[in-house]
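Only one structure is covered here, and it is reproduced in the block below.
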Number of protein chains: 4
Amino acid sequence: MFFSIDQNSAIPIYEQIIRQVKFAIADGTLAGGQMLPSVRQLSRDIALNPNTIARAYRELQSQQILKPLRGRGMIVRRDALDACLDARNELVIANVRAALADAFSGGMSSGQLREIFEQALLDLEPNAAHTNSSQRPSGGEPSDE
Amino acid sequence: MFFSIDQNSAIPIYEQIIRQVKFAIADGTLAGGQMLPSVRQLSRDIALNPNTIARAYRELQSQQILKPLRGRGMIVRRDALDACLDARNELVIANVRAALADAFSGGMSSGQLREIFEQALLDLEPNAAHTNSSQRPSGGEPSDE
Amino acid sequence: MFFSIDQNSAIPIYEQIIRQVKFAIADGTLAGGQMLPSVRQLSRDIALNPNTIARAYRELQSQQILKPLRGRGMIVRRDALDACLDARNELVIANVRAALADAFSGGMSSGQLREIFEQALLDLEPNAAHTNSSQRPSGGEPSDE
Amino acid sequence: MFFSIDQNSAIPIYEQIIRQVKFAIADGTLAGGQMLPSVRQLSRDIALNPNTIARAYRELQSQQILKPLRGRGMIVRRDALDACLDARNELVIANVRAALADAFSGGMSSGQLREIFEQALLDLEPNAAHTNSSQRPSGGEPSDE
DNA sequence: GTGGTCTAGACCACC
DNA sequence: GTGGTCTAGACCACC
């Protein structure tokens with residue numbers, strides 16, 4: 001599976017699962033209508049208590065991301081993509097703002113912050129082809145309907 | 001005092017105090033040799049149980065940031081500044097990296113991230129106008145209207 | 001359990017617990033991966049407030065001796081043995097040096113100190129007869145009567 | 001003065017003073033009838049709160065070590081030497097036994113302990129001429145009467 | 001069930 | 001006055 005769980009993180013495991021399901025939908029790894037691994041299957045795969053998986057699925061269901069198929073499991077709702085893109089964007093924006101607010105409250109300058117940001121981008125960017133332009137088009141979701 | 005506690009944060013109160021003491025040292029608000037408010041005084045000022053303050057002070061002591069003067073109170077160690085600058089930088093870098101890692105794992109592009117970063121900087125930067133140059137002098141409010 | 005707490009000691013109870021956990025790891029009573037008694041269980045067994053136990057466990061955690069398994073309890077870290085052997089040796093060496101420094105500062109001679117040391121060894125050594133040779137094999141109870 | 005105070009020690013400062021006065025008497029640095037520095041003088045010399053000095057002198061007086069001369073200060077009682085030698089010996093013996101008990105409770109062997117003891121002796125012995133004989137005469141106090 | 005946080009309040013030694 | 005320890009008990013999230 002595509003889950004990577006950090007047992008030591010301060011973020012509860014069920015939250016990590018919720019987030020990773022949403023992000024997988026946001027980036028297209030999981031598409032509408034697709035089936036999720038069963039609670040039992042997944043609990044074996046990633047060695048977690050089934051209760052923890054079940055809790056994550058339950059919350060994703062109540063957030064209208066997943067839909068239960070009676071007796072068969074959970075599928076991704078056809079209309080889940082927008083909610084997942086929004087969730088992703090909100091989370092990322094909140095993270096960035098929190099990091100900046102922390103930095104300013106400790107007296108750091110925006111110059112130092114830009115350096116840190118660019119360095120982190122260099123280190124982490126998946127397709128490492130870094131360009132200096134900050135005017136690239138904003139992205140937008142390709143329509144694959 | 002300079003403390004601002006968020007009772008509803010997921011971050012424990014004693015951790016908020018620890019962080020704010022370190023950041024106050026990092027930005028020069030608290031200098032080496034300076035006295036901290038007493039446990040009882042601070043507990044009155046920010047309406048917290050003295051045990052909570054004492055716990056924060058105790059951890060700062062074991063991290064070599066504060067030093068107790070027996071029967072008199074807590075002072076900032078002369079050599080605390082470096083540790084506090086390091087702590088601040090590490091925290092900010094970790095925050096930024098976590099935000100970026102999250103974003104990439106959700107399929108966001110570095111272009112989108114730069115926009116989010118610059119927007120957050122605009123919103124949060126304390127009393128400073130934004131210019132696009134990253135070599136601009138560190139202070140000043142140039143009018144680019 | 002293997003804890004023996006002295007309520008009247010000048011050493012705080014939580015420090016006694018910390019020391020005894022480390023020493024139990026050092027002498028092999030507690031091995032890496034092994035589970036500790038839960039805070040509530042131990043607080044019942046040795047008639048102490050759970051907060052006191054929790055404080056000891058918390059500090060052992062921050063010293064990388066124990067590791068919390070969320071919702072399940074505390075285990076001894078696999079790599080804790082070295083740290084515990086070091087802690088034990090450092091403590092013993094510090095104790096011995098402090099005793100000797102005190103003695104010398106009061107004008108005592110090394111001859112007097114050797115007598116005191118050998119007498120204390122005779123009195124305290126667990127189930128072992130004393131011989132004058134310091135190269136004797138490490139176990140066994142030779143009868144030198 | 002002959003005092004060396006460790007502000008950070010777990011041992012209270014007034015206890016350090018008491019011990020150092022007794023040990024100075026035990027090793028002959030302070031003789032019966034000799035005058036101690038006044039509370040004010042000493043508090044200036046070693047930069048301590050006069051209350052702390054006064055408390056130490058008060059306890060030494062109640063232990064029959066010092067005697068107040070009205071309006072002039074404290075002198076060492078003529079019969080203080082025996083009490084001071086006893087106090088020194090008891091303290092050293094207690095220290096040594098405590099160190100050994102700690103060591104055994106952590107699974108250390110008497111062989112290891114002898115090594116530690118001899119090493120500490122080598123490091124600390126004031127007139128570093130170390131001999132291997134452990135049968136030296138026990139010392140005894142020279143009579144200078 | 002588990003540990004973690006927080007409040008409330010007692011008591012202590014030290015200055 | 002100062003910080004440090006300890007008890008008692010509530011409440012929380014997680015498993």
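Remember, predicted model here, so these are calculated numbers, not experimental data. Convention: sequence-line order gives letters A, B, ...; per-chain numbering from 1.
- Remark: side-chain polar atoms of Gln64(C) are not paired, donor with acceptor, to backbone N or O of Ala80(C) under 3.5 angstrom.
- Heavy atoms of other residues, nucleotides or ligands lying less than 6.0 angstrom from CD1 of Ile11(C) number 12 at most.
- The residue among Gly73(C) and Asn51(D) whose nearest nucleotide of DNA chain E is located toward the 5' end is Gly73(C).
- Residue pairs meeting the salt bridge (charged side-chain N to carboxylate O under 4.0 Å, His left out) criterion with at least one partner in residues 23-42 of chain B, sequence neighbours excluded, are absent.
- Contact annotation for Arg40(B): base contact, defined as any heavy-atom pair under 4.0 Å involving a base atom.
- Between Asn49(C) and Gly71(B), the residue anchored nearer the 5' end of DNA chain F, judged by the nucleotide with its closest heavy atom, is Gly71(B).
- Leu66(C) contributes atom CG, which lies 5.5 Å from atom CG of Leu36(C) (distance to the nearest 0.5 angstrom).
- In this structure, Leu69(C) reaches neither bases nor backbone, as no heavy-atom distance under 4.0 Å exists between it and the strands shown.
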For residues 82-95 of chain C, which side-chain donor-acceptor pairs fall under 3.5 Å, sequence neighbours excluded?
unit_1   : atom_1 : unit_2    : atom_2 : d
Arg88(C) : NH1    : Gly106(D) : O      : 2.8
Asn95(C) : ND2    : Asp102(D) : OD2    : 3.1

Watson-Crick and G-U pairing of DNA chain F, under 3.5 Å, as dot-bracket with | and [ ]: ||||||||||||||.
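- Geometrically, Arg19(B) engages Phe23(B) in a cation-pi contact, judged by NZ or CZ lying under 6.0 Å from the ring centre and within 45° of the ring axis.
- Of the N and O atoms on the side chains of Arg58(B) and Gln61(B), not one donor lies less than 3.5 Å from an acceptor on the other residue.
- Once you apply a 4.0 Å limit to the heavy atoms of chain C, the touched nucleotides of DNA chain F run 5' to 3' over dT5(F) to dC15(F).
- Near DNA chain E, meaning a heavy atom under 4.0 Å from it, residues 7-20 of chain B has Pro12(B), Ile13(B), Tyr14(B) in order of number.
- Side chain of Gln16(A) to main chain of Asp6(A): a donor-acceptor pair is present (N/O by atom type, distance under 3.5 Å, no hydrogens or angles).
- Remark: Glu15(A) engages no residue in a side-chain hydrogen bond (donor to acceptor under 3.5 Å, both in side chains) (not counting sequence neighbours).
- Nucleotides of DNA chain E nearest to Leu48(B) and Arg72(C) differ in position, and the one nearer the 5' end is that of Arg72(C).
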